[in-house]
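A single structure is presented below for examination.
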Amino acid sequence: MNFELFKTFSKIGTFTFGGGYAMIPMIEAEVVDKHHWISKEEFLDLIAVAQSCPGVFAINISTFIGYRLRKKTGALAAASGAALPSFLIILLIAAFFHKFMDVPWIQSAFNGIRPAVVALIAVPTFNLAKSAHITLSNCWIPIVTALLIWLLGVNPILIIIAAALGGYLYGKFISPTEEELKN
């Protein structure tokens with residue numbers, strides 16, 4: 001099982017470009033759909049936790065999944081699998097990139113890659129919104145949150161704390177109980 005975790009996350013780390021958020025669809029396809037290691041709901045919760053923790057998103061989520069399946073050895077196998085391909089690729093790029101930075105076709109290639117990376121991040125964002133049941137009645141929450149961070153520079157940690165507190169208060173005082181829903 002540890003080798004399977006390493007192999008799965010190595011594949012994800014090797015063939016996913018654009019950073020942690022761009023990895024979400026591939027991680028979901030492998031972990032939820034193909035291997036059935038966790039449910040879709042658990043995956044959504046893991047994304048929230050991995051995003052809330054310091055460090056690299058892909059490493060965080062692979063560590064959580066590995067730990068859930070095989071404790072410490074699984075966490076080590078999954079995190080190593082996710083990190084090793086990126087580390088080796090970046091090492092190779094760093095060794096040779098300075099020689100090619102000024103080549104016009106390489107600059108053009110990077111200019112083409114940038115918008116594609118935005119799309120790679122946008123797709124999982126919309127999928128997460130759908131999974132998190134973002135509707136017209138509550139879409140103001142992510143919009144206001146994004147504006148607070150982007151325009152006013154509010155620290156994302158404060159946003160997470162405020163969202164957790166707001167969710168707690170909503171659940172405690174506003175949200176209907178199961179008994180009320182039955183009536």
Side-chain angles (χ1 to χ4, degrees), residues 1-97 113-114 116-134 138 141-142 145-146 149 155-168 170-171:
M1 173 61 110
N2 286 340
F3 179 71
E4 189 68 24
L5 280 164
F6 179 83
K7 186 173 82 170
T8 298
F9 281 99
S10 290
K11 182 170 100 175
I12 291 166
T14 301
F15 296 108
T16 309
F17 297 94
Y21 296 108
M23 291 179 156
I24 292 173
M26 192 165 185
I27 295 171
E28 182 178 5
E30 288 289 325
V31 171
V32 176
D33 301 333
K34 181 178 178 185
H35 294 291
H36 306 289
W37 288 335
I38 61 173
S39 70
K40 177 102 170 152
E41 291 76 26
E42 289 172 303
F43 183 70
L44 185 60
D45 291 341
L46 277 179
I47 289 172
V49 171
Q51 175 58 34
S52 301
C53 294
V56 178
F57 176 80
I59 302 299
N60 289 349
I61 201 161
S62 63
T63 303
F64 289 135
I65 292 168
Y67 188 81
R68 184 181 181 284
L69 297 174
R70 303 286 296 172
K71 302 296 180 213
K72 289 179 185 175
T73 60
L76 183 62
S80 298
L84 190 60
S86 299
F87 173 76
L88 294 175
I89 290 167
I90 292 298
L91 189 62
L92 284 170
I93 289 171
F96 299 106
F97 187 69
I113 289 171
R114 287 184 194 114
V117 169
V118 171
L120 289 172
I121 294 170
V123 169
T125 300
F126 289 118
N127 289 338
L128 282 173
K130 186 177 168 185
S131 298
H133 307 293
I134 303 294
N138 65 1
I141 297 170
T145 300
I149 294 169
N155 189 319
I157 294 171
L158 295 176
I159 298 289
I160 291 168
I161 292 168
L165 181 61
Y168 171 77
Y170 176 80

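Numbering of residues begins at 1 and proceeds along the displayed sequence. As the structure is a computational prediction, the values presented were derived from the model and not from experiment.
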Non-hydrogen side-chain atoms of N127 and I24 separated by less than 4.5 Å: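 The answer is no; the side chains never approach within 4.5 Å.
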Say you draw a straight line from CD1 of I134 to OG1 of T125; how long is it, rounded to the nearest 0.5 Å?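 I134 atom CD1 to T125 atom OG1 measures 11.5 Å (nearest 0.5 Å).
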Heavy-atom distance under 4.5 Å between the side chains of V117 and I121, does that happen here?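 The answer is yes, as the side chains (C-beta and beyond) meet within the 4.5 Å cut-off.
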Looking only at heavy atoms, which two atoms of N155 and I157 are closest? And how far apart?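 What the structure gives for the nearest pair is OD1-N, 2.8 Å.
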Hey, what do you get for OG (S52) to CD1 (I160), rounding to the nearest 0.5 Å?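 Rounded to the nearest 0.5 Å, the OG-CD1 separation comes out at 4.0 Å.
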Between the main-chain N or O of V32 and the side-chain N or O of H35, is there a donor-acceptor pair closer than 3.5 Å?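 The answer is no, because no donor-acceptor pair under 3.5 Å joins these two groups.
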Nearest-0.5 Å distance that lies between atom CE in M26 and atom CZ in F9: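 CZ of F9 is found 10.5 Å from CE of M26.
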Distance-minimising heavy-atom pair for S86 and A82: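 Result for this residue pair: OG-O, 3.9 Å.
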Just grab all the side chain to side chain donor-acceptor pair (under 3.5 Å) pairs involving residues 63-81, residues at least two apart or on different chains.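 Sorted result for residues 63-81: N2-T73, E42-R68.
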Kindly give the heavy-atom pair with the smallest separation between A78 and S62, and that separation in Å.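 Shortest heavy-atom contact: CB-O, 3.2 Å.
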So do the side chains of F43 and I61 get within less than 4.5 Å of each other, counting heavy atoms only?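 Heavy-atom side-chain distance check passes, below 4.5 Å.
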Kindly give the heavy-atom pair with the smallest separation between L69 and L5, and that separation in Å.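 Answer, listing the atom of L69 first, then L5: CD1-CD2, 3.7 Å.
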Show your working on side-chain contact (heavy atoms from CB on, under 4.5 Å) between I65 and I27 and close with a plain yes or no. CA-CA 10 Å; I65 292 168; I27 295 171; 4.3 Å; yes
Testing the basics here: between A83 and I59, what is the closest heavy-atom pair and its distance to 0.1 Å?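 Shortest heavy-atom contact: CB-CD1, 3.4 Å.
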Between CG on residue L46 and OG on residue S39, distance to nearest 0.5 Å: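 The CG atom of L46 sits 9.0 Å away from the OG atom of S39.
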How long is the span from the CZ atom in F6 to the CE atom in M1, to the nearest 0.5 Å?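 So the CZ of F6 and the CE of M1 are separated by 15.5 Å.
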Should I47 and F64 be marked as a side-chain contact (heavy atoms from CB on, under 4.5 Å) after you check the CA-CA gap, both sets of side-chain angles, and the distance that decides it? CA-CA 10 Å; I47 289 172; F64 289 135; over 6 Å; no
Closest approach of I141 to T145 (non-hydrogen atoms, all atoms of both residues):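 Looks like O-OG1, 2.7 Å.
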CG-CD1 distance between L88 and I93, expressed to the nearest 0.5 angstrom: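 So the CG of L88 and the CD1 of I93 are separated by 11.0 Å.
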